[in-house]
Each structure stands twice: as structure tokens, then as C-alpha cells.
Amino acid sequence: LADLNGLRRIEGGEAQPPRWQLWLQADPTGELRFEAQQCLARNLGCLPGAVAHLLDGQLHHTDPLDADLAAPLEKHLRRLGVRCGLEPCAI
């Protein structure tokens, strides 16, 4: 996935592959679980049910993400109380 700036880089021939992964470990309940699931689904481009397994309390890593998407996602999840962070993808 890419945001508008990422798409412009692609069109300009300056594309770089996604280089960041979000790790997360959380088992929120109630409304926080719903909000975290919605946030993940929206930012990872899938349905909320497809990310439910990421909120089971185990350590998970997302597929590689563009930095322009990964940083705001991490920030939003942290505001929701999800333990998470960004790390460079293994090359």
C-alpha cells in the first residue's frame, strides 16, 4: 500500500520497496479491540476480520509497509494502548 506521496514517487520513477514492519502484541477488549481492529484493517487494506488474529496477545509482524503508512499506523495504535513498534525489514 502507498499514500499519495508514495504514488507520486512511483510515477516519478523514485519507487522504493516497503522497508518497515510493524510488530504488535496486544489483546484489547471491548471498544478498544474494535477500534484497533478497524485501524489495522483500514491501514493494511483488508477487512476487519482478516486482522482479528493480530490482536490475540501473541507477537505478530505485518507484511512490509511503506514508512509513510507505517509511522501513522504505529502512532494511532499506541494511542489505543496497543504495544507496538516499527522495525526495518530483514533484507
Side-chain angles (χ1 to χ4, degrees):
L1 294 175
D3 64 1
L4 184 57
N5 290 331
L7 292 174
R8 287 184 177 143
R9 283 194 304 272
I10 291 167
E11 289 176 348
E14 303 167 9
Q16 294 182 1
R19 297 182 185 213
W20 293 93
Q21 282 183 304
L22 178 77
W23 65 265
L24 64 144
Q25 187 173 18
D27 190 12
T29 59
E31 188 175 321
L32 287 179
R33 181 177 189 82
F34 175 79
E35 296 231 6
Q37 203 169 335
Q38 293 293 317
C39 176
L40 284 165
R42 182 173 46 254
N43 286 280
L44 299 179
C46 58
L47 295 173
V51 295
H53 72 282
L54 297 176
L55 300 172
D56 64 3
Q58 300 297 313
L59 179 63
H60 295 280
H61 288 84
T62 64
D63 290 336
L65 299 168
D66 191 60
D68 295 342
L69 291 177
L73 173 58
E74 176 197 24
K75 186 177 179 179
H76 190 170
L77 289 173
R78 284 183 181 266
R79 278 197 309 257
L80 294 173
V82 173
R83 188 171 163 245
C84 63
L86 292 177
E87 58 188 38
C89 294
I91 296 176

Query - Qualifying residues under side chain to side chain donor-acceptor pair (under 3.5 Å), relative to Q38, sequence neighbours excluded - result: none
Query - Where P28 and A36 come nearest, the two heavy atoms and their spacing - result: CG-CB, 4.5 Å
Query raised in the report: Which salt bridge (charged side-chain N to carboxylate O under 4.0 Å, His left out) pairs, counting each pair once, include a residue from residues 27-37, with sequence neighbours left out?
Result: D27-R33
Query raised in the report: Is there side-chain contact between L44 and L65, with at least one heavy-atom pair below 4.5 Å?
Result: yes
Can you give each donor-acceptor pair under 3.5 Å made by side-chain atoms of residues 72-81, sequence neighbours left out, with the distance rounded to 0.1 Å?
residue : atom : partner : partner atom : Å
E74     : OE2  : R78     : NE           : 3.2
E74     : OE2  : R78     : NH2          : 3.3
R78     : NE   : C84     : O            : 3.4
R78     : NH2  : C84     : O            : 2.3

Report task. Mind checking the CG-CG spacing from L40 to L22? Nearest 0.5 Å is all I need. Result -> 7.5 Å
Query raised in the report: Mind checking whether L24 and L55 have side chains closer than 4.5 Å, heavy atoms only?
Result: yes
Requested in this report: Any pair with a residue in residues 16-42 that passes ring pair (Phe, Tyr, Trp, His ring centres under 6.0 Å), sequence neighbours left out, goes on the list, sorted by first then second residue, please.
Outcome: none
Report summary line: residues 44-61 vs side-chain hydrogen bond (donor to acceptor under 3.5 Å, both in side chains), sequence neighbours excluded, gives D56-H60, H61-E87
Query - Rounded distance (nearest 0.5 Å) linking atom CG of L86 with atom CD of Q21 - result: 10.0 Å
